[in-house]
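Data first, discussion second: the structure below is written as structure tokens.
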Amino acid sequence: MTTIETQSPPRERAVGQGIDRVDGPEKTTGKARFAAEFPYPDLAHAALVHATVARGRITGIDVKAAEAVTGVLSVITHLNAPVLKPPAAQSMLDLSTMVSPTSVNYLNTDEVHWDGQPVAVVVAESLEAARRGAALVEVTYQEFPAAVDFAAEQANAKPQKNSMLGSGSSKKGDAEAALAAAPVSVDLRFTTPPHNHNAIEPHATTAVWDGDRLTVHEGSQAIAWMRKHLALRFGIPERNVRMTSPYVGGGFGGKGLIWPGTILTALAARATGRPVRMMLTREGVYRTVGGRTPSAQRVALGADRDGKLTALIHTSITRTGKAGGGPEGVTRASGHLYDAENILLQQHLVEMDLIPNTFMRAPGESIGTFALEAAVDELASELGVDPIELRMRNEPARSPLDGKRFAHRMLREAYALGAERFGWAERTPEPGSMRDGRWLVGMGVATAYHPSVQFTANVTARLSADGTVVVRCGFQEMGMGGATAQAQIAADELGVPFEAVQVEYGDTDLPTGPMAGGSAQTASIAAGLLVACEKLKSAVLALAKRSGDSPLRGQRLAGVEARDGGLYRLDRPDAGESYETILSRAGRPYVEGVAGAESGLGAVAGQVRFMAKFLSDQRRWVKAACGAQFCEVRVDQDTGEVRVSRWLGVFDVGRVINAKTAASQLRGGIVMGIGMALSEETLVDPRTGRVMNPGLGDYHVPVHADIPPIDIHYLDDPDPTMPLGLLGIGEVSITGVAGAIASAVHHATGKRVRDLPITLDKLL
Ligand code: MOS
């Protein structure tokens, strides 16, 4: 029996604290080495030549002028390129196929599938010579008719079936009939343009061959998947490929799949026998890395006079490339947000002769929640009900579409806290009723929602006799603070100071990690890390018990606690031993805990266990992060200029591991959402299919002056079904942003803009 006096004081836990990122000093001092900064003697530089037709065949390539440039080593085209194995058809069972966004065998074909597709690579002694050479390559084409105008192609869109990647088609009841019968309704059309990736680090690759071994340095969100794919394409065993990605200057989905630059850098290195570096220009990223699909959406809502929803219809049309790409979950959130008796969700897809679309922060949900949330605000106006009140009247107890339980759902709490902190009560409902001099002031809200998923992760945790810990996992750090979060978790699990933990990541030589995507990386690694730490503590306890005079003798793991750099009995807190004592007595320099097997039966069993749990979870629960977005905008009464003047978000993201990096992630998503709402738009020439604004001068991402202070709150309540209770943070905060802004603009001006971006011309 223990008394309060004999309890040790609760030690400070690392999890939850706002600890600075461990990679911060390396980045701020310039010590961090990114993919394009690996020095090799004899390093050559490569540049791409892009197709200038959307669909066709190459009939001739004149490389003479390029070859004549001083310093040019080689001009590689489909006429002289090393043979590559073609990408395999996508299969969920083989990640090397999933990571390829296109079916094109670059430089092994004369076919062109989009304007911008690489058709040649120039390798030179210097970057300047490579780029100069690339500009001088003359390509002629036989051109074929191409489908490049999204507005025109929508008529050819085909209904999409349900899939793992999104609610292609779902229904409950008869939503059209309920809509027709509803006393109050809205039936609206929304459109969103394509968006492109603009990570601060443009895609870059350094590739080096040593015989049949390939090393690739790449800013990647998925080093393990890409390694597998490169091995497949170059016909070498996977163990012959090493990929490193110690730092990634932003990914957002754009570095999740393997785009042509990566493959062609490895190919150029093989062809020339030199280490080769390729840094895409900003324009090169637009031409060879996919972005977000444009969309045309319908949201129709029917309600009784009290605002109880009777019908919810959300349909969408998006595009992929004929050469690849896929559906995005545009209507996915709409099955889980409002308790409508009748629901109809239907996505449509059209294949076009354009670069395949790809993941881009909350793919689908970000644009889908724009339409849904703006429509809910319009219904609130029709009903004369406060938009938060309307949402609360329709807040479901179970997932409306399928009746599954929510693993976690604190939207009511999020809105209550947000309304209080934001000062929602000061909003006068009448549009145009709030002013500040020449500025029309508006306030808007929207719901944020993003599903929570997990991947497998192999993790090892090694405890040395000096009490330090090394956690190893081949994950990716693209600025979100992954290593810092895992160090916090390991510190608490093992009872050592945060500073005693070092995390190694970003290298396929490490245990295979998850991809950094789907807001899933932190939870995925945490699941493995928890297992590794348990095994480590078991091993340490077993060592201790070998000694006759250890106070831990006879103890089971459940009866001890890891704290203060050792293991201590729960029943007698003064009885225990430091790790140092245990390991040095046993003569062991270190003890390791291993989660997951790299190969053999153990790996297969691990995958089977993971899938079984995943599927049983999917049957039982709807798992998602959610939140309430609040914004204030100011619209210039004469020019229509829109400024976002305040933002507040309250998020239900489960347990927060690091208060500082979590808030940064959530802010980042909101910034990206403000760009989507007000300025970002990829302009595709409807005649040629060429991107017309491939650069930051013409494609407008928000700058500091566009962003107000962003006030972040989270509820920090663990989800019972996720590792450590964390739901994932990267993507939820972009959802709802554009809907909140569109609603605030309406509140300020009385105008509804249903076509993104909300530029001033649409308000005049
Ligand atoms: Mo994200 S769009 O899953 O990198």
Side-chain angles (χ1 to χ4, degrees), residues 95 98-101 163-166 192 194-201 203 218-226 245 247-259 262 285 289-293 295 318 320 324-330 332-333 356-370 448-457 475-482 506 513-525 623-625 653 661 664-666 668-673 675-676 680 682 701 726-738:
L95 298 179
M98 294 299 291
V99 78
S100 174
S163 79
M164 300 258 286
L165 288 177
T192 64
H195 296 124
N196 266 89
H197 279 288
N198 284 287
I200 197 162
E201 176 204 27
H203 295 56
E218 164 100 13
S220 164
Q221 293 176 239
I223 54 175
W225 298 10
M226 289 190 189
S245 205
Y247 302 98
V248 186
F252 314 109
K255 293 168 183 169
L257 300 178
I258 194 158
W259 295 96
T262 309
V285 178
V289 175
R292 198 190 292 289
T293 177
S295 75
T318 64
T320 61
E328 302 186 18
V330 179
R332 177 154 52 178
N357 65 312
T358 196
F359 313 136
M360 188 164 170
R361 215 168 196 166
E365 292 94 356
S366 52
I367 51 177
T369 54
F370 156 62
Y449 181 93
H450 191 267
S452 300
V453 293
Q454 261 178 272
F455 303 108
T456 53
F475 68 89
Q476 297 79 196
E477 174 61 85
M478 42 187 190
M480 70 292 254
M515 88 165 290
S519 302
Q521 186 170 251
T522 301
S524 304
I525 306 162
K623 297 192 194 197
V653 290
T661 59
S664 286
Q665 282 279 290
L666 294 165
I670 290 163
V671 172
M672 209 161 165
M676 189 174 100
E680 291 190 44
T682 304
V701 299
L726 66 99
L727 285 164
I729 286 186
E731 290 169 293
V732 64
S733 63
I734 191 177
T735 65
V737 170

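Both ligands and their constituent atoms are indexed starting at 1 by order of listing. Only this structure's heavy atoms are used, side chains among them; waters, hydrogens and symmetry mates stay out.
- Taking all atoms of both residues into account, the shortest heavy-atom contact from Gly249 to Lys255 is O-NZ, 3.9 Å.
- A donor-acceptor contact closer than 3.5 angstrom links the side chains of Glu218 and Thr262.
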Atom pairs and distances, ligand 1 N/O vs protein N/O under 3.5 Å:
from, atom 1, to, atom 2, distance (Å)
ligand 1, 3 (O), Gly518, N, 2.5
ligand 1, 3 (O), Glu731, OE2, 3.2
ligand 1, 4 (O), Gln221, NE2, 2.8
ligand 1, 4 (O), Gly253, N, 2.9

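- Residues passing the ring pair (Phe, Tyr, Trp, His ring centres under 6.0 Å) test with Tyr449, sequence neighbours excluded: His336.
- Pro101 and Ile258 get closest at one heavy-atom pair: CD-O, 3.0 Å.
- With no hydrogens or angles considered, a side-chain donor-acceptor pair links Ser366 and Arg292 at under 3.5 Å.
- The main-chain N or O of Ser519 is found under 3.5 Å from a side-chain atom of Glu731 such that the two form a donor-acceptor pair.
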